[in-house]
Amino acid sequence: MSSHSRIGAHKTSQTSQTSQTSGLAIAGLVCGIVGIFFLPIVLGPLAIVFGAMALRQNGSVMAKWGIGLGVVDIVLMVVMLVIAANNGGSLTWHIG
């Protein structure tokens with residue numbers, strides 16, 4: 001019975017370490033997704049930082065997606081600034 005409790009304790013400590021790493025990966029992914037729509041200049045770098053930290057700890061795919069979306073956020077922000085600068089400081093969309 002004592003070996004069973006040791007295995008359970010080992011699984012618990014391993015699970016808590018994985019969930020902490022997954023939390024950073026999830027934070028990076030969420031920052032990257034939300035950054036596409038709101039505050040990309042702030043949330044893009046946060047997604048990259050959280051994703052890089054999670055990638056070092058675990059190497060998860062979610063961390064890679066967070067980094068990628070953070071880069072996309074920054075690129076979209078730069079493109080929007082260039083378009084706004086070429087349109088006299090305004091960014092308008094005309095459909096149709």
Distance-minimising heavy-atom pair for [X] and [Y]:
| X | Y | value |
| --- | --- | --- |
| Leu29 | Trp65 | CD1-CB, 3.7 Å |
| Ala25 | Met62 | CB-CB, 3.9 Å |
| Ala47 | Gly66 | CB-O, 3.5 Å |
| Ala63 | Ala54 | CB-CB, 3.7 Å |

* Asked: What pairs with Met77 under side-chain contact (heavy atoms from CB on, under 4.5 Å), at least two apart in sequence or on another chain?
  ->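 In terms of side-chain contact (heavy atoms from CB on, under 4.5 Å), with neighbours along the sequence ignored, Met77 is linked to Pro40, Ile41, Leu81.
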
Against [X], only a single residue in [options] fulfils side chain to side chain contact (heavy atoms under 4.5 Å, CB included); can you say which?
| X | options | value |
| --- | --- | --- |
| Cys31 | Val42, Ile26, Leu39, Leu46 | Leu46 |
| Leu69 | Ile48, Ile36, Val30, Val34 | Ile36 |
| Val75 | Val72, Val71, Val78 | Val71 |

* Asked: How long is the span from the CG atom in Leu76 to the CZ atom in Phe37, to the nearest 0.5 Å?
  ->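 Between atom CG of Leu76 and atom CZ of Phe37 there are 10.0 Å.
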
